[in-house]
There are 2 protein chains.
Amino acid sequence: MSTLTSLKTQERLLDRQAANSIREQIVNRIMPPGHRLLEAVLASELEVSRGTIRSALMQLSNEGLVRQVAFTKWEVAPASVSEAWELYTLRGALEGLAASLAAEYASPAERKVLTQVFAELEAAAKAEQREAAADADFKLHKTIVAMSGHKRLIRDHERIILQVRFQMTHIGFVPRDPKDLIDDHRALTEAVVGGDIERAEQLARTHNSAEIRRLLAANARPPSEAVRRQNKKGERE
Amino acid sequence: MSTLTSLKTQERLLDRQAANSIREQIVNRIMPPGHRLLEAVLASELEVSRGTIRSALMQLSNEGLVRQVAFTKWEVAPASVSEAWELYTLRGALEGLAASLAAEYASPAERKVLTQVFAELEAAAKAEQREAAADADFKLHKTIVAMSGHKRLIRDHERIILQVRFQMTHIGFVPRDPKDLIDDHRALTEAVVGGDIERAEQLARTHNSAEIRRLLAANARPPSEAVRRQNKKGERE
DNA sequence: CTATTGACGATTGTCGACTATCTTTCTATC
DNA sequence: GATAGAAAGATAGTCGACAATCGTCAATAG
């Protein structure tokens, strides 16, 4: 990790690099939910001091990928239906706001970009390219959020999406046939591009509500009410 | 700072205590927006090491009260109309979700509590007690969010509210006559308690939209469109 | 046999010293 | 006098050592 002045200032910081490295291992399933993280081990593996690892773990904790039990341990965040439920509902609220702002304020150039991104999604879906379609799906939502021009929203959304992908891979989530997604996304795209604020908000917010129900059902879990109760009891931290 | 086993584990940690202390000074206007924060100074004032202060500042940075310029400085977050705009819009999205979840899932006991909290607000407002009314206002919204049983939502909302209060005190925000707030809050309370999901969502989400317009107008600033453009240019960090 | 207490080992929490980077100031050159 | 480069000062970034805390397990009392 020598001094590379070509990198942005942020990326030169060792704790950021360490966080990136650990984050990568978590989202790529090398470290599964509940996996214990020892500061000393990570420090020797990444060849930095324990203090630097600590800083990295705190960042990841704020991103929701890692949990800490004070004085005791760090571990990869657990994956569960209730966690996924939280993420999907929150995502809906954020994307609803983003879509309404995008529909109201985005520039013509931005609207054109969104149309193109949708075209990519449609092409990938029709070609049955699941991987590409899933990526295009995320890209479309990310584009709308970026169009909102809302810095906090963009940052928070990025974090939520990261957690969504993490949870998805561990909950046994099976994506729908990409073709089924086209209509929803077309309607959303048209609402945003056409400046229909109310409709854009509504479509984006409820975009995944079917997904949530499907998720809860597929896992033979009690409906959301029970999930909620379970949350309330949540351990003190 | 001796060993006090009476405190929760969290609160015994020096970096948390330091963060609490600094946070207090920021929200109480002892440290204004833009105020420079020197690690060494804070360390000697609070009688902890620089590393501990560093950890505290990172926490506050995640809460949005402090900003960092890598390798250079820490400072109290700036207050501006665009920042306030971001916070109000985000708050609306979060409270909209919270209200819909509360309306759908809250227990009868919780609904009863909400009714009581609204009664407190109404009493304070009618008695022209501005301070008490403002507190009751926040308390009512916080209660609804708590009723959602959504852990991430509760945490994020708490952070947003903290920032809202911080911005409010520095933007020259003049609260409305408390009496004018009663009707809105009554409608919201009734929708949540009555289980009208859609209406609760709608009312909570747009609750402050008038506030946003008033804020932008009162500061003789360009309307939200211009505010948004300003955001997009935002400095790279 | 069970429950309580205490010592031990493992791990996180805190500190002070050292290093890297940025900003400012000074100086030399045109 | 203006400008570019170098040196100096200030400040954040990183490290290794030491302290505090927690969980475990064995010893002991009932």
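This one's a predicted model, so the numbers in the text were calculated from it and none came from an experiment.
A ring-centre distance under 6.0 Å is found for His207(B) and His141(B).
Between Tyr88(A) and Phe173(A), the two ring planes are tilted [angle within 30° to 60°].
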Q) When you check every protein heavy atom under 4.0 Å of nucleotides 9-16 of chain C, what one-letter string (B, S, -) results, 5' to 3'? A) --SBBBB-

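Rounded to the nearest 0.5 Å, atoms OG1 (Thr52(A)) and CZ (Arg50(A)) are 11.0 Å apart.
Partners of Arg29(A) under the salt bridge (Lys or Arg N to Asp or Glu O under 4.0 Å) rule, at least two apart in sequence or in another chain, do not exist in this structure.
Taking the charged nitrogens against the carboxylate oxygens, Glu63(B) and Arg23(B) do have a contact shorter than 4.0 Å, which makes a salt bridge.
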